[in-house]
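Comments concern the structure below.
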Amino acid sequence: MSAIKKVAIFGASGNFGAPITTALVKAGFEVTIITRPASSSTFPDGIPVIRTDYTAEKLTAALFGQDAVVCVIGPAGVETQATMIDAAEAAGVRRFIVNHFGWGPGFRNLPEFDEIGAKRKVALERARQLSQSNSEFTWTSISIGNPIDWALRRFPLMGFDVNQRSATIYDEGTEEFTGTTLAGIGQSVVGVLTHPAETANRFVLARSIQVCQNQLLDAFQRVTGQAWKVEHGSAKDLLGSGRKKHREGAGRWGLDLLVYQLYAPGEARCVLASKEDSDAGLLEIVEETPEEIARKAMGAVVE
Ligand SMILES: NC(=O)c1ccc[n+]([C@@H]2O[C@H](COP(=O)([O-])OP(=O)(O)OC[C@H]3O[C@@H](n4cnc5c(N)ncnc54)[C@H](OP(=O)(O)O)[C@@H]3O)[C@@H](O)[C@H]2O)c1
């Protein structure tokens with residue numbers, strides 16, 4: 001497969017879209033941003049922006065001449081992705097990065113997530129079908145596990161309140177999980193597009209670190225130079241609270257259940273892949289230390 005140069009991105013200003021766009025530009029790709037007419041998103045100067053309705057006809061015109069498309073739109077837009085894939089194939093795009101950035105195809109998700117998973121599968125199946133009927137069209141989907149520096153900063157329920165410098169350690173604090181930093185997520189997309197042959201028509205598994213809560217607490221304390229206030233909790237309580245919220249139709253059930261999955265004792269549920277079995281080497285994602293993660297998660301609040 002010849003080199004990929006021109007890349008269109010959907011969702012360029014999002015939580016992951018912004019670092020992915022930065023990484024693509026830095027790696028030398030010719031990036032074009034596609035956005036909705038009603039979008040209030042803002043984008044970096046110097047990158048062409050196409051504002052268009054997301055119909056098959058208009059998207060085909062917008063994507064004409066692109067080598068690859070990266071879809072990193074938020075969950076609310078998941079159902080528009082099949083149209084993006086149809087349009088990309090019709091426009092002659094050679095690689096479509098199917099929106100995933102989650103835990104991958106073999107992941108043992110709780111049944112509460114089945115409905116969301118089924119919606120995502122529609123686009124993946126569409127990409128699979130088109131890659132079988134048109135050998136010029138290929139796809140990749142990227143699993144990142146926990147988006148670790150971003151998630152630690154954003155969700156204290158993960159056990160670390162970076163503003164209060166306090167922690168909740170679930171159970172023994174020894175359950176390991178894998179995560180990818182925002183820099184690693186950006187690099188995972190760059191890695192796929194610079195290794196198109198090796199990454200065609202499959203999921204790739206990204207990771208920056210494998211770590212447990214106790215190691216993170218230690219790192220946060222070393223990075224901030226102070227002892228954090230520590231409380232203890234039980235992952236099972238999160239399973240109970242998440243399921244209750246889900247049954248009652250209350251919001252934020254997903255976060256409880258995601259954190260439960262992360263720390264469910266003895267399950268190693270959220271180890272996406274060992275370093276050797278992952279695609280981190282192929283994608284040139286740098287392995288990071290707990291201290292580097294803690295520093296990134298503290299962001300501006302670290303002195
Ligand atoms: N592994 C994890 O724990 C984890 C955590 C968070 C997210 N994710 C996944 O990562 C992917 C990206 O998530 P994100 O948090 O970066 O997204 P986000 O910031 O919520 O949204 C990104 C962009 O999506 C576009 N968008 C939003 N609603 C849309 C709609 N209804 N139709 C079309 N486009 C829409 C917008 O772009 P424009 O305004 O430019 O159109 C928006 O800026 C998703 O698949 C999400 O599920 C995984």
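Each ligand, and each atom within it, is numbered from 1 in the order the structure gives.
Proximity of S143 to P105: side-chain heavy atoms (C-beta onward) are separated by under 4.5 Å at one or more points.
The one candidate from D67, T199, N201 that meets the side chain to side chain donor-acceptor pair (under 3.5 Å) condition with R95 is T199.
Residue I148 is grouped with residue F220 when hydrophobic side chains (ILVMFWY) are merged at heavy-atom distances under 4.5 angstrom, including chains of intermediate members.
Under the ring pair (Phe, Tyr, Trp, His ring centres under 6.0 Å) criterion, F137 pairs with no residue, sequence neighbours left out.
More than 12 heavy atoms of other residues, nucleotides or ligands shown are found within 6.0 angstrom of NZ on K245.
For ligand 1, the 4.0 Å heavy-atom shell contains residues G11, S13, G14, N15, F16, T35, R36, S39, S41, F43, Y54, V72, I73, G74, P75, A76, G77, N99, H100, F101, G102, R120, I144, G145, P147, W150.
Aromatic ring centroids of F155 and F160 lie 6.0 Å or more apart.
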